[in-house]
Enquirer: 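I have a structure I would like to understand better, so I am pasting it below and will then ask my questions one at a time.
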Amino acid sequence: MIDLGGVCALTLARRYGTPLFVYSAAVARDRLEALRRAFTRREPLVCYALKANPNRALGRVLARAGAGADIVSGGELARAARAGFAPSKIVFSGVGKTENEMAAGLRAGLLAFNVESVEELEALARTAKRLKLRAPVCVRLNPDVDPRTHPHLTTGRARNKFGLETAAALALYRKASRDAHLRVVGIQCHIGSQITTLDPYRLAAASVARTIRRLEEEGIRLSFADLGGGIGIAYKDEKPFALASMARVLEDAFAPWPQMRLLLEPGRYLVADAGILLTRVLYRKKTSMRRFLIVDGAMTDLPRPALYGAWHPVEAVTPRRGRKITVDVVGPVCESGDFLALGRSLPPMERGDILAVGKAGAYGFAMSSQYNSRPRAAEVLVDGRRVLLARRRERIKDLYAAET
Ligand SMILES: *Cc1c(COP(=O)(O)O)cnc(C)c1O
């Protein structure tokens, strides 16, 4: 499921307790390298979308390997800085940046602000003026492309709240280019997440290219084009496109602008495969309809199954022999939607046994909650033979420490 380079998952579960996220530095580095290598005609700047997994130790691995960051809040700005991402490689996305967040980003000297509305541009200009700085502006284009993914993961349709349609984007560029406190630097678009076919990227890239051409006609030149994230992975039997094919699509679309830098903002692709969730069997239960393994991991730790009906691989870590049986792996939370996996064939497990839920490195811990007053899980980073407790398990008193 994941190669921990000889570090034993059972030992980790015993030492750090469960539920426990385990991340592999090697896998994250490997994905970053694979993405870079896919491009043959240019060197893209890969800005890791921190929201997929904001853990500092994991971020540090990617920052050291040369990645930039894509952030969506002031909190992520602080985390990106602590993880060691160079401000000159950080882009600030999101439809609702506050002026305080903008000010923090301006002081830090970020690469670009991806602007999504007229009012946001005005707020950015005002903030830059107040600080006597010039804000680097990228406009987020909404190309009205269907990424053919889960409806909740679609961001580039005209009906979505994200980005601006072409005419509005062009108007925003004109406004930005006239403002002394703004500096137009690029164009961005991000059409969705867990995209497994290339056509949406082809259409989005064509739309971005058309917009660049229109801007050039008006004398507005850009130094980079940012195609966002969204690269899908195989959780079950999805057949994602080859990275090399994606690279060809983008290199071809932007061939007329050899000087222009290409940016990408992958989150899931870099870290999903780099993480597993270890969880312990609390109880077994058999009803007239089904068999359940009740485990100590829940939708509060890994919400993707409950949120999207997502499928994650599940394996027995504790070796058990015997005929496999079909079980539902469910958590302790008081919701019928609280499951990690349904109808899985597993060897007969016993109380105290450890299971691993795979491909849990992206949008797992990042989306975790304390619902049902459950302290959040611990996170461990494995790097070669080194094991680092990257985040200690929350304690009961952490649950109410901020309350009065
Ligand atoms: C979420 C997001 C990403 C990353 O998406 P993935 O599907 O994880 O690659 C990139 N850019 C923006 C603006 C986002 O909102």
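Keep in mind that this is a model prediction, so the values were computed, not measured. For the numbers below, each heavy atom of this structure counts, side chains included, while hydrogens, waters and symmetry mates do not. In each ligand, atom 1 is the first atom listed, and ligand 1 is the first ligand listed.
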Enquirer: Any N/O of G192 closer than 3.5 Å to an N/O of ligand 1?
Expert: no
Enquirer: What atoms in ligand 1 come closer than 4.0 Å to a heavy atom of G267?
Expert: 4 (C), 6 (P), 8 (O), 9 (O)
Enquirer: Checking side-chain polar atoms at under 3.5 Å, does R268 have a donor or acceptor matched by the opposite partner on S193?
Expert: yes
Enquirer: For ligand 1, find out whether one of its N or O atoms is nearer than 3.5 Å to an N or O atom of Y269.
Expert: no
Enquirer: Are any of the N/O atoms in V72 less than 3.5 Å from those in ligand 1?
Expert: no
Enquirer: In the protein, which heavy atom is nearest to atom 1 (C) of ligand 1, and how far is it?
Expert: K51 NZ, 1.3 Å
Enquirer: Using a 3.5 Å cut-off on N or O atoms only, is Y363 in polar contact with ligand 1?
Expert: yes
Enquirer: Is the shortest distance from a heavy atom of A52 to ligand 1 less than 4.0 Å?
Expert: no
Enquirer: Is the cationic atom of R304 (NZ for Lys, CZ for Arg) positioned less than 6.0 Å from the six-membered ring centroid of Y235 and within 45 degrees of its normal?
Expert: yes
Enquirer: Which one of K97, K175, R126 satisfies the salt bridge (Lys or Arg N to Asp or Glu O under 4.0 Å) criterion with E120?
Expert: K97
Enquirer: Look at ligand 1 and say whether D70 reaches it with a heavy atom at a distance under 4.0 Å.
Expert: yes
Enquirer: When D252 is tested against each of R42, R202, R41 for salt bridge (Lys or Arg N to Asp or Glu O under 4.0 Å), which residue passes?
Expert: R41
Enquirer: For ligand 1, which is the ligand I care about here, please tell me if E265 has any N or O atom under 3.5 Å from one of the ligand's N or O atoms.
Expert: yes
Enquirer: Quick one: nearest non-hydrogen protein atom to atom 7 (O) of ligand 1, plus distance?
Expert: S193 OG, 2.4 Å
Enquirer: For G358, is there any backbone N or O sitting under 3.5 Å from a side-chain donor or acceptor partner on H312?
Expert: yes
Enquirer: State the atoms of ligand 1, each with its element, that fall below the 4.0 Å cut-off from a heavy-atom position in S93.
Expert: 13 (C)
Enquirer: Does the pair R393/D398 count as a salt bridge with the N-to-O cut at 4.0 Å?
Expert: no
Enquirer: Can you sort out which atoms of ligand 1 are near A49, meaning under 4.0 Å from one of its heavy atoms?
Expert: 3 (C), 4 (C), 10 (C)
Enquirer: Any ion pair linking E394 and R391 (charged N to carboxylate O, less than 4.0 Å)?
Expert: yes
Enquirer: May I ask you to decide if H181's main-chain N or O and D179's side chain share a donor-acceptor pair within less than 3.5 Å?
Expert: yes
Enquirer: Under 4.0 Å from any heavy atom of P266, which atoms of ligand 1 are there?
Expert: 9 (O)
Enquirer: Is G230 in contact with ligand 1, taking contact as a heavy-atom separation below 4.0 Å?
Expert: yes
Enquirer: Can you tell me if N160 and T155 form a side-chain donor-acceptor pair at under 3.5 Å?
Expert: no
Enquirer: Under 4.0 Å from ligand 1, counting heavy atoms only, is it the side chain of R268, its backbone, both or neither?
Expert: both
Enquirer: Does a side-chain N-to-carboxylate-O contact under 4.0 Å join R213 and E216?
Expert: no
